[in-house]
Amino acid sequence: QASRARGPKPTSETAKPRVRAKPFARDSMAGRSPSLLPWLLLFLGFQCRVAAGSAGCVNASCSSAPVDAEEDPAALLQSAAVRQHRAEAVEPVCYSGVQSIEQYLKCLRSVPIEPARRDCTLDIVFGQLRSVYTYSDLVHDSHNTDARLAHGFNFKVHEMKLGGEIDMMEMELRSETSAGMLALKLMGMFGKLQDAHTGMHVNPLTHTDIVPPFTIDVSLDPTTESMQFTISASAPWSPGALVGKVIHSINGGAPLDYFLEIARISAIDKSPGTQLNRYLRKQWLTGVPPAKGSFSVTLEGGDTYEVSWKVFIQEEACGLGDDFRICSRVEQLNGGCPNIADLMQTCFTHNPTFDNMAGFFDTLGSDAHCGIGKKGTPVRDVLRGARGWQQANQATGQPNRDSPRDPLPGETPETPVIREELLGKPRPTDAARDFAPFSVVKSVADTCYAIKVDVGDGAFAVVLKIVAFAKWSDLRVCAAAAVDLATQVSDGRLIVDVIGNGGGYVSSGYLLNRYLYSMMVGSKMTDPTGYCEWYDLPENDELTAFVKMAEHGLPDLASQRDPGGFIISLANRMATGVEALRHDPNWFGRNRKAAALIDAAKCLRDLVEGLQVPMKHTDAWKSFESLYNQCVETAAPWGGSPRQDIFGYSPSNVHPKDLSPPTWDYYLNPVTKRRGGRLRKFSQKTFLGGSCLGYQAMYPE
C-alpha cells in the first residue's frame with residue numbers, strides 16, 4: 001500500500017510540472033501510514049493556497065488553481081485525490097489531440113485484432129480487388145498484353161507491375177497482429193488505387209490528420225527559372241520566424257525532392273507533378289512521412305531549423321457515437337477513460353455497417369463471407385462482435401468529461417481552435433491563378449481549365465486541361481473557350497490534357513468527343529455514334545449473377561401450377577427483402593427500393609385475396625395476369641420490365657456493329673484476352689449505351 005501511495009518512479013516524461021507530483025515526492029512518503037495520506041494532502045493543498053494567495057505559487061509543481069477559504073474540505077479531498085492519481089498515472093498510449101508521429105505509431109501498434117477478423121477483412125478486400133476490380137490481374141505487367149492500338153493512334157503505355165505489389169502486401173498483412181497497423185497499411189495501398197469507383201476509409205484514420213510543421217507556396221524564381229518554395233504559414237509548434245522565408249534546402253537536398261517524396265505518400269496519381277499539385281491543395285497527409293516526420297530545413301540566408309510533422313487525432317475519430325469519444329492525454333492522467341484500450345480496439349475493429357450487413361444476410365438466409373451467415377459459429381460471433389462490441393459498449397460507458405481536456409496549441413477557453421487554423425491551413429489556391437508561362441483564359445472550379453502557353457518566339461500553345469469529367473454543362477465552358485482560343489493563336493491546334501483526372505461521367509467524355517470533332521475543319525466524324533467509345537468489362541461472379549437474373553426475369557405466371565400460391569410466395573419474398581433492409585437505419589441507401597417492395601407485396605396480396613384466380617387462357621386470366629404484371633412493375637425488379645439497368649449496366653450493342661439491337665449478348669458471350677501476362681475473360685466490346693446519345697436515339701427504350 002505504501003508503495004502504491006508513493007507511485008511509480010518518475011521518468012523523463014512523468015516528472016514534469018504537469019503531473020504536479022513534487023509535493024508527494026517518494027522520500028517524503030516512505031514508511032508513512034496510508035491513513036495519514038488524506039490529511040497530509042489536505043495540509044499540502046492548504047499551504048499551496050496560502051502561497052498562491054500571497055506571493056503567487058513560486059513552486060512549479062504547485063500549479064493547481066487557488067482554493068477559496070470557504071471551500072468544503074470534501075472538495076479539497078477530491079482535488080487531492082486527483083493529484084494522487086496523477087502521481088501514480090501511467091503515460092497514456094492512445095489519446096486525442098496533437099502528438100508526435102512516434103506516439104501515433106505506438107498507439108496504432110497497441111491495438112490488437114483477432115486473426116478471424118483480420119483474415120475475413122483481407123478475404124473481402126483482396127477478393128474484391130481480384131474479381132470486381134482489374135488492377136491485380138491487369139497490371140501485373142502492363143506491357144504483357146494482346147491489346148493493340150486502333151488505327152491512327154500512337155502513344156505509349158506506362159510500365160506498371162502493381163499486381164505484384166498488391167500480392168506482396170497481402171502476404172505481409174496476413175501476419176499483422178495490430179488492427180491499427182493493418183488499417184494504416186490498407187489505407188496506404190488504397191491511396192494508390194483510389195479512383196471514382198475504388199476506395200477504403202477507416203474511421204479513426206480518416207478523421208486523423210498528419211500535419212506538416214509549415215505550409216508552402218510555390219512560385220517561379222525569375223532569376224533561376226526554377227521552382228521556389230516559400231513558407232506561407234507555420235504550425236503552432238514551429239518557429240514563427242519561418243513565415244515568409246524561402247527554403248534553400250531540406251536535409252541538405254533540394255526542397256523539390258523532399259516535397260515530391262511527401263506528395264507520393266498520399267498520391268492517387270501516376271505523374272509526380274500531378275502528385276505534388278494535389279498535395280499543394282491540401283497540405284496534410286494520411287500516411288506517415290519519412291524519418292518519423294522530423295527534418296532539417298535551411299532557409300535562404302543560412303538559418304537552419306529542426307522541425308517535425310505532428311498528428312492530430314479528433315475526439316470523435318471512432319465515428320461510433322459519444323460513448324466512444326477518444327479522451328485527451330490530460331483526461332486520462334486525471335483518471336478519465338479507464339477502458340481506453342477496449343475503446344480503441346472497438347474503434348478500429350468494429351464497423352456497425354458490418355453488423356447490419358451480417359443481419360441482412362441472416363434474414364435472407366444467405367451465407368455471405370467468412371461464415372457470417374452461419375449462425376452459432378465462433379467465427380461469426382467474432383465478426384459480428386458478440387464477444388467485443390456489446391461488452392465494450394457496456395464497460396466503457398460515458399467518458400469522464402469532468403477532467404479538463406488537452407488545450408490545443410493557441411487555444412483559450414474563449415477562442416476554440418478550428419482544425420484548419422490549428423494545422424496551418426494552406427493558402428487557398430486561386431483556380432484561375434496565372435503561373436508563367438501559362439495564363440488561364442477560362443476555368444471551372446475542380447473541373448477544367450482553358451490555358452494559353454507562351455512557347456517562345458511569339459508562338460503559343462493552347463491546352464484544355466480536364467481535372468474531372470463533371471457535368472457536360474460545366475466541361476463545355478472550358479472546351480468552348482479552348483477551341484475559340486486555338487483558332488486565334490495556334491492555328492486550331494489544341495492539346496487535351498487528361499493526366500490526373502478523377503474520372504466522372506462517361507456521357508461527358510462522349511459529348512466532349514462529339515463537340516471537339518464537330519469543331520474540326522474537314523472532320524470525317526459524321527456518324528451520330530462515331531464519337532462514342534467501345535468498352536469491354538472484366539467478367540466477375542457478382543455481375544454475372546445479376547445479368548442472369550435480369551436476362552431471365554421473373555418466372556412466367558402462366559407456367560405456374562399454382563398461380564395463387566406463387567404470387568403469395570413472391571409477396572413473402574418481397575417482405576423478407578424489406579426485413580433484411582431494415583437492419584440498417586438508412587436501409588443501405590435503398591429506402592426507395594424498400595418502399596417499392598412494400599407497395600408491390602401489398603398489391604400482390606390484395607390481388608390474390610380480392611380476386612379469385614381465374615382459369616388460364618381466358619379473358620379473365622388475361623386481365624388477372626395484367627394486374628399481376630402491374631404489381632411486379634411497382635417493385636422495380638432488377639432490370640425492370642425490359643430487363644435493363646443493373647447498377648448502371650444495361651443491354652447494349654456488340655462490336656463492330658454500332659447500331660446492333662441492345663441485348664446482354666456482349667456480356668453473356670465473353671472472350672479470352674491476355675492482360676498483365678494472364679489470360680482472363682472479358683465481355684465483348686460494347687458502348688455504354690445509356691451514355692451515347694446517338695444510340696439512345698435509335699433505341700429509346
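Side-chain atoms are counted along with the backbone in the values below, which use heavy atoms only and exclude waters and symmetry mates. As the structure is a prediction and not an experimental result, all values here were calculated from the model.
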* Classify the ring geometry between Tyr510 and Tyr535 as parallel (under 30°), tilted (30 to 60°) or perpendicular (over 60°). =>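 Ring orientation of Tyr510 relative to Tyr535: perpendicular.
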* To do: Side-chain contact test, heavy atoms from C-beta onward, threshold under 4.5 Å: evaluate it for Val463 versus Phe438 and give yes or no.
  => no
Exceeds 12 heavy-atom contacts within 6.0 angstrom, atom [atom1] of [X]:
X: Tyr699; atom1: OH; answer: yes
X: Arg174; atom1: CZ; answer: yes
X: Lys673; atom1: NZ; answer: yes
X: Arg573; atom1: CZ; answer: no

* Lys452 charged N/C atom sitting above Phe460 aromatic ring, 6.0 Å / 45° ->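 Verdict for Phe460: a cation-pi partner in Lys452.
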* **Set of ring pair (Phe, Tyr, Trp, His ring centres under 6.0 Å) partners for Phe687, sequence neighbours left out** =>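 Expected list: Trp534.
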* **Under 3.5 Å side-chain donor-acceptor pair for Asp484 and Gln488** =>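 Gln488 and Asp484 do have a side-chain donor-acceptor pair below 3.5 Å.
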* With the threshold set at 4.0 Å, does a side-chain nitrogen-carboxylate oxygen contact exist between Arg281 and Asp446? ->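 Yes, charged N to carboxylate O under 4.0 Å.
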* Asked: Would the Phe624 and Tyr628 ring centres measure less than 6.0 Å apart?
  ->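 No, they do not, as the ring centres are separated by 6.0 Å or more.
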* Asked: So which of Thr634, Ile598, Leu597 actually passes side-chain contact (heavy atoms from CB on, under 4.5 Å) with Met574?
  ->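 Single pass found, and it is Leu597.
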* Asked: Of Thr487, Leu485, Asp491, which is the lone residue that meets side-chain contact (heavy atoms from CB on, under 4.5 Å) with Val489?
  -> Leu485
* **Test side chain to side chain donor-acceptor pair (under 3.5 Å) applied to Asn653 and Asp658, Thr686, Asp665, the passing residue** =>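 Only one of Asp658, Thr686, Asp665 forms a side chain to side chain donor-acceptor pair (under 3.5 Å) with Asn653, namely Thr686.
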* **With sequence neighbours excluded, residues passing side-chain contact (heavy atoms from CB on, under 4.5 Å) with Ala468** =>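 Listed in chain order: nothing, the list is empty.
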